[in-house]
Structures are given as C-alpha cells and as structure tokens.
Amino acid sequence: MEVISMIVNDEFGVMQRVMGEFTRKKINVETIVVGKCEIVGKARIVLSVKERKQAEQAVERLGRLQDVVQVEIVDETRHEAYALVANSFGKARLIGSLEEVGSLIDTTKPDRFVKTVNAL
Amino acid sequence: MRGSEVLINVLRDEGVNVVFGYPGGAMLPLYDDLRCADVRHILVRHEQCAAHMADGFARVLKRPGVCMATSGAGATNLVTGIATAFLDSSPVIALTGQVPTGIIGNDAFQEADIFSLMIPITKHNFRIMNSATLSNDLRSAFSIAMTGRYGPVQVDLPRDILTCDVSSPIEGRKIPTNGTREDLTELPQAVQLLESAERPLILVGGGAVWSGCGPNIIQLAEMIASPVATTLMGKSAVSEDHPLVLGMVGMHGRRVANYALEECDVLLAIGTRFSDRMIGEPASCRTKVIHIDIDTGELGKNVRPTVALGGDAGRVIRTIISTIRSKKGGAWTERMSLLKKECACNLDLPDNPIKPQKVIYELSKHLPDDAIVTTEVGQCQMFAAHYFEATGKRQFITPGGLGTMGFGLPAAIGAKVAAPDRCVVDVAGDGSLLMVCQEMATAVEEDIPVFICLLNNGRLGMIRQLQNQFYGKRLFAEDLGSSPDFVKLAEAFGVRSARAKDPKDLESVIEEGITSDRPFLADVWIDREEEVLPMTMRAESGTRVIAGKCAWKGVC
Ligand SMILES: Cc1ncc(C[n+]2csc(CCOP(=O)(O)OP(=O)(O)O)c2C)c(N)n1
Ligand SMILES: [Mg+2]
C-alpha cells in the first residue's frame with residue numbers, strides 16, 4: 001500500500017482532474033480522503049494505491065496539473081487507518097495503524113464497514 | 001466594460017491579431033464586439049479545422065494560436081483538434097461558448113459539458129463562473145499554454161459572462177506549474193558519458209523544434225563528431241543536408257538512422273518521448289541514454305535513462321557545449337557518413353503510373369529553402385516523412401501524436417496565415433483530404449494561397465498496406481473508388497487545380513502549385529500498389545525489417 005498526499009486548489013472540477021490521471025494510467029485508487037486543510041482555499045487529498053510504481057507514475061502526472069500545488073508519497077510512519085464499522089448493536093470507530101484496524105475488522109467481523117487511510 | 005470587450009482586450013495584450021472561429025448563439029455577444037475589433041477573424045467551415053489552423057499557426061510562430069467555437073456541438077467539434085495539439089505539445093487557446101451560468105447543468109439548448117470533455121486533452125482549462133476573474137483567467141490561459149512544455153488550454157465562456165458588466169476585476173494570475181523543474185545536477189555525468197562515447201548518436205525530437213535549438217544541436221554534434229537522427233516530430237529541427245544528419249528513425253524511418261540507433265553506445269535524446277512508433281518496444285533500447293526533456297515526467301516514462309536532465313532543450317544543450325571538450329571523429333563517424341550515402345536512393349523515378357516517391361522528390365527539388373510542408377496521415381505522410389528533404393529553413397509539420405487525418409489542409413492554412421511570405425504545401429492523401437475538403441472554401445474566401453499536393457491512390461493506402469502485410473492480404477474497407485473527381489471538386493470551391501497522371505506532367509503541375517498566388521490543388525494519380533517501405537519493427541527479441549525494394553546493404 002502506497003499513500004499519496006497532495007494539496008490542491010479547492011475548486012470545482014479538481015477531483016475530476018486528479019482522478020483523470022489515475023484513469024489515464026489505469027491505476028485503481030484503493031482509498032481516498034478529501035477535506036479542507038490549514039491553507040485557505042486549498043484542500044488536501046490523501047489516497048492510496050497498491051504498488052510503488054503506480055504511486056510514482058501518478059505523482060509524475062499529478063505534478064503537471066495546474067491545480068495541484070504539492071504532491072508527495074508519504075512514508076509508512078505517517079499513515080493512519082480509519083474504519084467506521086456497524087452491526088446490529090450499532091456503530092463504532094476504529095483508528096490505528098493499517099494492521100491494527102485490519103485485524104480488528106478481521107476479528108470482529110462487522111456486518112458493514114468502510115475503511116480508509118489518511119496521512120499527515 | 002462588457003465581458004466580451006474584456007476578452008478582446010486580453011487578446012490584444014497577448015498580441016493575438018488573428019483568430020480562427022465559427023459563430024453560434026452562445027458566442028454572438030463576442031462576435032458582435034469582434035466585428036469592430038482589431039483582430040482578424042477567419043471564418044472556418046468546420047470547428048475541428050479552426051483548432052488545426054490555430055495549431056498550424058502556433059507551430060510556425062511558436063506562440064499561441066487561438067480558435068473559437070460556440071457551445072454544444074461547436075465546442076465538441078473542437079475536440080479532435082485540441083487532442084491533436086495536446087499530443088504534439090502545441091500552444092492552442094480554445095475559447096468555447098457556454099450556456100449562461102444560471103442554467104448550466106440543466107441540459108439547456110446547445111449545452112455540452114465541454115469543460116469535463118476537455119480536461120484530459122488540455123494542459124489546463126477554465127470555466128469562467130464569475131466575470132471578475134475573466135481577464136485574469138484568460139491571461140493565465142496564455143501563460144500556462146506557453147510555460148514549460150507547451151500545450152493547449154481551453155476557456156469555457158458562459159454567455160452571461162460575455163454580456164455582463166465587469167466592474168472590479170480580480171487580479172493575481174495563476175502561476176503556471178508544469179512539472180518542469182530545471183534539473184541539471186547530472187550534467188557532469190552527461191558530459192563525461194558523451195566525451196567517453198565511442199559511438200554517440202544525437203536523437204532530436206519535437207521538443208527541439210519547439211525550442212528552436214537546431215543550430216545548437218548541430219554545433220554540439222560537430223564538437224563531439226556525433227551523427228544526428230531525428231524522430232518524426234523532430235524532422236526539420238536540423239537541416240537534413242548536413243553531413244552528420246542521418247534522417248528520421250522509427251517504424252517508417254531511414255535504415256541508416258535506425259541502424260545508428262541500434263549500434264550507438266551513448267544516445268543523447270533531446271525532447272523526445274520515445275513513442276512506440278519510434279523506439280518500438282522500450283526494452284529494445286539497450287544503449288546508455290542521456291535524456292533531456294522540459295517535462296521531467298517524460299524522463300524514464302518509456303525508456304529508463306542513464307542520465308536525466310530536466311529543462312529547455314536549447315538551454316541544456318548550450319550548457320553542455322560550454323563545458324564539453326571537442327573531439328575528432330573516428331571510425332564510427334566515418335562509417336556513418338558512408339552509410340548515409342549508401343542509404344540515399346534515387347527517387348527520380350520515371351515509372352508510369354507515377355511513384356509517390358517521385359512526387360516527394362519533385363517537392364524537395366522545387367520548394368524554396370524556407371517552405372513549410374504539412375501532412376495528412378497515412379502513406380502520404382510517411383512518404384513525406386521518409387523522403388522529403390527538410391533542408392535549410394524548411395519546416396515539416398505533421399500530426400505525429402494523434403495521427404489525425406484531416407490535419408494537413410487546415411494546418412497549412414494556419415501556417416500560411418502565420419507566414420504569408422512562405423510557400424506552404426499540404427502533402428495530402430485522398431481519404432484525409434475528403435475529411436476536411438470544405439476548408440478549400442476558407443482558403444478561397446480568405447485568400448490564403450496554400451498548395452495541396454494530393455497523392456491520389458483512390459484508397460486508404462495505409463490501411464491497405466497494413467492488411468497486406470499483417471492480415472494475410474485480406475483487403476477490406478480500404479477502397480475509396482474513384483469518387484470524387486478532385487479537380488472538379490477543387491474547381492467547385494474556386495481552387496485552381498491540375499491533374500498529373502503521366503510522370504512527364506508532374507514537374508510542371510508541381511511548379512504551378514508552388515508559384516500559384518491562389519489556392520491550388522495538384523491531383524497526382526500515383527501508383528496504387530506502392531507501399532511505404534522499409535518498415536522497421538524494433539522489439540526486445542530483435543529488429544525486423546520489411547525491406548521491400550530497399551536495397552540498403554549497410555548492416556552487413
Ligand atoms: C481521423 C482518422 N481516422 C482513421 C485513421 C486511421 N487511418 C490511418 S491512415 C488511414 C488511411 C489514410 O488514407 P489517405 O488519406 O488516402 O492516405 P494514404 O494512406 O492513401 O496515402 C486511416 C484510415 C486516422 N489516422 N485518422
Ligand atoms: Mg489514399
């Protein structure tokens with residue numbers, strides 16, 4: 001799992017531009033988190049892909065986009081996994097390393113869940 | 001000031017004195033102001049051609065060409081032309097009409113989401129949603145198109161933005177980001193590799209044409225006694241009559257150039273993206289590569305370089321020149337110049353029907369030293385690329401990346417507008433020309449005397465060749481028959497025309513085309529069976545050549 005983090009102009013169409021580069025390079029995006037960030041008018045996109053080579057290809061392409069201010073591959077120590085899980089008793093939040101969240105989901109077997117990776 | 005006036009002011013400030021366009025409802029506010037503006041509007045007959053014209057214009061002047069189309073179908077018609085400009089890194093500005101901001105997304109009359117459609121085929125694009133940003137975004141469009149690796153930029157203009165009053169414009173131009181970082185940290189390694197090379201080869205791509213650094217490249221080649229080859233897009237960056245210049249590499253390239261590519265020990269690749277039609281399978285490239293590109297994303301994309309240098313081709317080459325030691329040519333240089341002579345075959349062919357090679361030969365012989373040749377796509381294009389002698393200040397313009405049939409005529413018109421004093425010839429195929437023949441009307445009405453040299457084989461010749469070579473001669477959907485009569489067609493448009501069926505008529509028809517002060521079409525009936533050979537297919541497992549009549553013995 002490789003995590004790419006970027007700061008982008010918070011404008012309409014920016015997601016389409018960013019995702020378009022993954023489509024062009026036929027790379028599946030495994031997880032994605034997007035949100036406002038500390039810089040006014042900018043947003044941070046954190047997404048993950050399976051392989052290093054894909055991440056490198058994507059970073060090269062993303063660096064050419066006018067609306068991408070900054071883009072980097074984030075090393076593992078800065079990764080953070082989240083999951084929202086639910087079963088008949090209600091819902092719960094899981095936070096931790098990728099392995100921790102992964103194994104919690106494996107052992108608790110929630111009915112439904114969504115899992116993603118963030119990084120700073 | 002109305003939005004449309006703001007736009008015209010930006011065009012003026014950016015030095016735009018001609019635009020290629022076609023009106024429609026959404027653009028009428030702009031056209032109303034364009035009527036009395038100091039900008040020449042060339043009314044095309046199909047929007048795709050407006051984009052190709054702007055592209056041809058840009059390739060000649062190395063500054064933005066501007067095209068415009070109305071919302072919906074007008075804008076979608078631009079797509080092929082913009083995609084062509086994108087793949088060949090041409091700075092085209094596309095202005096498209098759009099329905100008013102208030103009804104965008106409602107499937108209004110003539111609404112298309114052209115903003116989304118253009119994203120993957122432009123360097124960047126804008127949809128103006130606030131008139132205050134109009135002037136600023138337009139200026140940004142021009143600077144983005146011309147910064148780093150050039151490329152097309154589209155600006156979507158909702159109708160109300162053109163009509164409303166722009167009182168307080170927001171300034172602060174978007175700073176172009178281009179994936180271009182000048183990075184010369186590996187320059188010493190590059191110099192060292194070149195100095196120690198026994199069999200160097202300089203490979204010149206389209207980037208060198210845009211950078212206009214042909215003379216620098218020749219200077220470097222002479223200093224290190226290196227032969228020079230070009231890609232399809234690099235053709236005409238360096239004069240092909242220079243003794244070190246071997247000609248074009250690639251699938252339809254020259255044997256001697258491909259041979260040099262195979263045999264060299266150090267390859268200095270300048271502004272080329274190692275496309276599959278040039279290098280074949282990237283793994284077939286086993287030499288040490290020094291790769292210079294203004295777009296650092298190209299470095300290692302297809303072929304992994306030993307040394308990578310990011311930056312403008314001209315700047316990097318001049319830096320190399322300032323530090324490298326000159327050296328004398330040895331066995332390699334001598335052998336290459338010998339092989340070059342062996343590779344030059346006689347094209348003055350007397351055959352009847354006329355051989356396409358002979359047509360190109362006559363063009364090379366008669367065209368002025370600064371002529372511009374554009375091409376369509378197919379055999380016609382490859383005959384021109386392989387055989388045309390791009391000597392002196394001649395320029396060769398071809399849709400290398402997208403392979404767009406129908407590019408040549410409009411690009412020639414755009415080129416002629418950019419350089420009215422130069423002779424401009426479109427080397428056309430009959431299939432390609434029919435896709436855009438309506439632009440003959442534009443050439444006539446706007447008095448743009450281009451010369452269409454039609455290699456008429458009544459076929460989609462390249463399709464036929466591929467079916468012959470790779471599909472067991474199972475010919476299908478390649479015969480165009482004998483319609484139309486191109487001489488009559490040209491005359492219907494008011495274009496002067498003459499036919500050459502017999503080789504003895506050829507020279508005079510071509511001379512007439514070159515000297516004509518009106519648009520001219522030479523309908524040359526060529527040998528329908530002639531194939532563009534040799535064809536070279538480079539693969540990891542080895543190189544395969546379909547030689548045809550090519551008698552080159554260089555490899556032994
Ligand atoms: C717009 C477009 N459609 C289809 C093709 C595929 N194609 C490549 S060459 C060719 C035949 C071109 O015929 P013509 O213009 O007569 O040139 P010739 O090969 O006969 O010289 C075709 C159909 C293309 N390159 N562009
Ligand atoms: Mg043909």
Side-chain angles (χ1 to χ4, degrees), chain A residues 2-29 32 34 36-75, chain B residues 83 86-87 89 101 104-105 113-130 133 137 140-156 170 172-181 183 273 293-302 304 308 310:
Chain A
E2 297 289 340
V3 176
I4 299 169
S5 172
M6 66 197 108
I7 292 177
V8 301
N9 291 328
D10 191 7
E11 285 172 19
F12 73 88
V14 69
M15 287 299 289
Q16 191 170 350
R17 291 183 201 283
V18 168
M19 298 323 292
E21 297 305 328
F22 289 86
T23 310
R24 193 198 294 269
K25 286 286 175 189
K26 47 186 197 311
I27 301 170
N28 186 45
V29 172
I32 181 163
V34 188
K36 306 275 177 207
C37 69
E38 66 281 3
I39 312 167
V40 181
K42 311 284 177 206
R44 187 171 265 121
I45 302 179
V46 179
L47 50 75
S48 68
V49 297
K50 273 215 172 87
E51 285 156 27
R52 184 75 190 181
K53 181 143 185 292
Q54 297 175 322
E56 283 166 1
Q57 276 182 353
V59 166
E60 273 304 344
R61 300 286 321 183
L62 293 166
R64 302 186 201 194
L65 294 184
Q66 304 296 319
D67 278 335
V68 173
V69 182
Q70 199 195 76
V71 54
E72 59 170 344
I73 300 177
V74 187
D75 76 72
Chain B
F86 184 62
L87 274 189
S89 311
T101 49
I104 287 180
D113 184 4
I114 194 69
F115 179 75
S116 297
L117 283 165
M118 288 281 188
I119 285 177
I121 55 167
T122 51
K123 234 180 123 177
H124 190 65
N125 61 347
F126 297 87
R127 171 176 283 169
I128 315 292
M129 295 297 284
N130 173 357
T133 70
D137 286 347
S140 302
F142 279 86
S143 65
I144 290 169
M146 289 296 291
T147 306
R149 181 181 187 166
Y150 298 167
V153 179
Q154 178 238 353
V155 184
D156 208 18
I170 298 171
R173 192 183 299 195
K174 226 177 203 172
I175 310 289
T177 54
N178 283 289
T180 356
R181 300 168 299 263
D183 183 0
R273 58 194 164 88
D293 209 287
I294 195 163
D295 180 352
T296 49
E298 290 298 344
L299 305 171
K301 184 181 86 179
N302 288 332
R304 196 140 287 287

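So you know, we letter chains A, B, ... as the sequences are listed, proteins then strands, and number each from 1. Scope of the values below: all heavy atoms of this structure, side chains included, with no hydrogens, waters or symmetry mates. Predicted model only: the values in this text are computed from it and were never measured.
Looking at residues two or more places apart in sequence or on another chain, you find no salt bridge (charged side-chain N to carboxylate O under 4.0 Å, His left out) involving D183(B). Residues forming a side-chain hydrogen bond (donor to acceptor under 3.5 Å, both in side chains) with K50(A) (at least two apart in sequence, or on another chain): none.
In this structure, the separation between CD on Q66(A) and CZ on F126(B) is 7.5 Å, given to the nearest 0.5 Å. Considering CD of E11(A) and CE of M129(B), their distance stands at 12.0 Å, rounded to 0.5 Å.
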Using the rule given for side-chain contact (heavy atoms from CB on, under 4.5 Å), can you reason through D67(A) versus H124(B), listing the C-alpha separation, both sets of side-chain angles and the distance that settles it, and then say yes or no? CA-CA 9 Å; D67(A) 278 335; H124(B) 190 65; 3.5 Å; yes
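Heavy atoms of K53(A) lying under 4.5 Å from chain B are absent altogether. Both the backbone and the side chain of R17(A) come within contact range of chain B, with heavy atoms under 4.5 Å apart.
Enclosure of atom CZ in R24(A) by more than 12 non-hydrogen atoms of other residues, nucleotides or ligands within 6.0 angstrom is indicated.
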